[in-house]
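Quick caveat, the model's predicted, so the values are computed rather than measured. In the text below, chain A, chain B and the rest are named by the order of the sequence lines, each starting its count at 1.
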There are 2 protein chains.
Amino acid sequence: MADPRWLDEREFRAWLGYRRMRLLLDAQIVRDLNRDSGLSDPDYDVLSALSSSKDRRWRLNQLAAHMLWSKSRLSRHISRMEERGLVTREECAADARGADIVLTDGGLRAIEAAAPDHVASVRRHLIDLLTPEQIETLGDIADTVLEHLADDQGDAIP
Amino acid sequence: MADPRWLDEREFRAWLGYRRMRLLLDAQIVRDLNRDSGLSDPDYDVLSALSSSKDRRWRLNQLAAHMLWSKSRLSRHISRMEERGLVTREECAADARGADIVLTDGGLRAIEAAAPDHVASVRRHLIDLLTPEQIETLGDIADTVLEHLADDQGDAIP
DNA sequence: AGCCGTTAGTTGACATGTAACCAAAGTGGC
DNA sequence: GCCACTTTGGTTACATGTCAACTAACGGCT
């Protein structure tokens, strides 16, 4: 920490660009999603994860781990989605503490209706603007960064 | 919108990776920043923008535009930072409605103390993990995406 | 069976972002 | 000069996320 090499021009461009992209791209895609489907970004993530499971059901615990969310965040968000009829909570047979989050028919309809527009939005604002090489590199970068973060966390609790 | 091409494997990997990176990388860098300097991510952004200006002063309006923040968000955040003595508000001579945001000595000290650790954190978790080619490509991707978004907005209000 | 540390999920207090509205001050056409 | 329109900055109401504390249930061990 004593002698920080400052970022050179290219490094700074990448970092600043990443931050601005995060700010504006995400905002745009969230806006599109909300306008087209009335869903928020977190809504979509939850519905997407649930609909990809076999029986449209997931333990809160597992779902949170899969989505990389805190249990607290997921619990609160599920409560909000429950009020809107997108999901329900059911008692878990195997573990009396547990809660199964279940996708309702309404929730399934919502995600199926939202998906095409959402994919189109992601294409329009990101994927279709990039060359195949850039797409590949973006995937590589994310994998590298995430792997490194996972290693860090592993070290922290040995 | 009618016929959405789904994302193929590579495209999906890039998109999912981007989302997860956004979630975890940002969280880690914010954690580091907070631990090392007691500043939040938005704090750092504001201080950084102010300290880069000539006279440590910026119209709220201009500053918001530069940072791509809403005026509302900036106004609220400035209030919080003002309470902690990092910045002050001054009346603007040229426009009685206006507010100049001024970096205090304490604010300058805070950003100068925080910068080395923050840069080190960005290097550790992102920049130093990537090849020069990947860094270049990340910058290219961000520029492409941001330019496209700017065009979109331009079209919206002709 | 009974105890103790761990785990699942929820909740209260709080930090921070957005959207809609407002008052005060500028600006331009007449 | 006067009136309509815009701009600036702030504020209120609300949505959403974090952290820490809490309850209840599980599970290994004796």
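- Distance, Glu91(B) CD to dG9(D) P: 13 Å, rounded to whole Å.
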Considering only distance and modelled atom types, tabulate donor-acceptor pairs under 3.5 Å from the side chains of residues 99-107 of chain A, sequence neighbours left out.
unit_1, atom_1, unit_2, atom_2, d
Asp100(A), OD2, Arg57(A), NH1, 3.2
Thr104(A), OG1, Gly85(A), O, 2.7
Thr104(A), OG1, Leu86(A), O, 2.9
Thr104(A), OG1, Gly106(A), N, 3.4
Thr104(A), OG1, Gly107(A), N, 2.9
Asp105(A), OD1, Arg56(A), NH1, 3.1

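- Met67(B) is listed as a side-chain neighbour of Leu63(B), based on a closest heavy-atom distance under 4.5 Å.
- Residues forming a side chain to side chain donor-acceptor pair (under 3.5 Å) with Ser79(A) (at least two apart in sequence, or on another chain): Arg89(A).
- For Asp8(B), there are no salt bridge (Lys or Arg N to Asp or Glu O under 4.0 Å) partners, not counting sequence neighbours.
- Scanning for side chain to side chain donor-acceptor pair (under 3.5 Å) contacts around Glu112(B) gives an empty result, with sequence neighbours left out.
- Partners of Asn34(B) under the side chain to side chain contact (heavy atoms under 4.5 Å, CB included) rule, at least two apart in sequence or in another chain, do not exist in this structure.
- Near DNA chain C, meaning a heavy atom under 4.0 Å away, the residues from residues 45-67 of chain A are Arg59(A), Leu60(A), Asn61(A).
- Residues satisfying the salt bridge (Lys or Arg N to Asp or Glu O under 4.0 Å) test with Asp95(A), not counting sequence neighbours, are Arg59(A), Arg97(A).
- Summarising the geometry of Leu108(B) relative to Ile111(B), their closest heavy-atom pair is O-CG2, 3.1 Å, with the distance given to 0.1 Å.
- The interatomic distance linking Leu39(A) (CG) with dA15(D) (P) rounds to 16 Å, in whole Å.
- Nearer to the 5' terminus of DNA chain D, by closest-nucleotide assignment, is the contact made by Ala99(B) (compared with the other of His77(A) and Ala99(B)).
- The salt bridge (Lys or Arg N to Asp or Glu O under 4.0 Å) test applied to Asp32(B) returns Arg35(B), Arg124(B), not counting sequence neighbours.
- Take Arg73(B) and apply the salt bridge (Lys or Arg N to Asp or Glu O under 4.0 Å) test, not counting sequence neighbours, and it matches no residue.
- Ring-plane geometry between His77(A) and Trp69(A) is classed as perpendicular, the angle between the planes exceeding 60 degrees on a 0 to 90 degree scale with a lower cut at 30.
- With rounding to whole Å, Arg84(A) atom CZ is found 7 Å from dT16(D) atom P.
- Here the P atom of nucleotide dT18(D) and the CG atom of Leu24(B) are 11 Å apart, to the nearest Å.
- End-to-end axis angle of the helix from dA1(C)-dT30(D) to dC30(C)-dG1(D), from C1' rotation axes over five pairs per end: 10° (rounded to 10 degrees).
- Here the side chain of Arg20(B) pairs no donor or acceptor atom with the backbone of Leu146(A) at under 3.5 angstrom.
- The distance between atom CD1 of Ile78(B) and atom C1' of dG9(D), rounded to the nearest whole Å, is 12 Å.
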statement: In 5'-to-3' order, the base (B), backbone-only (S) or no-contact (-) status of each nucleotide in nucleotides 19-27 of chain D, using a 4.0 angstrom heavy-atom cut-off, is B----BBS-
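- For DNA chain C, the contact window with chain A, defined by any atom under 4.0 Å from a protein heavy atom, covers dT7(C) to dA13(C) in 5' to 3' order.
- Residues Arg13(A) and Asp140(B) are paired through a salt bridge, judged by an N-O separation under 4.0 Å between the basic side chain and the carboxylate.
- Heavy atoms of Ser79(B) sit nowhere under 4.0 angstrom from any nucleic acid atom.
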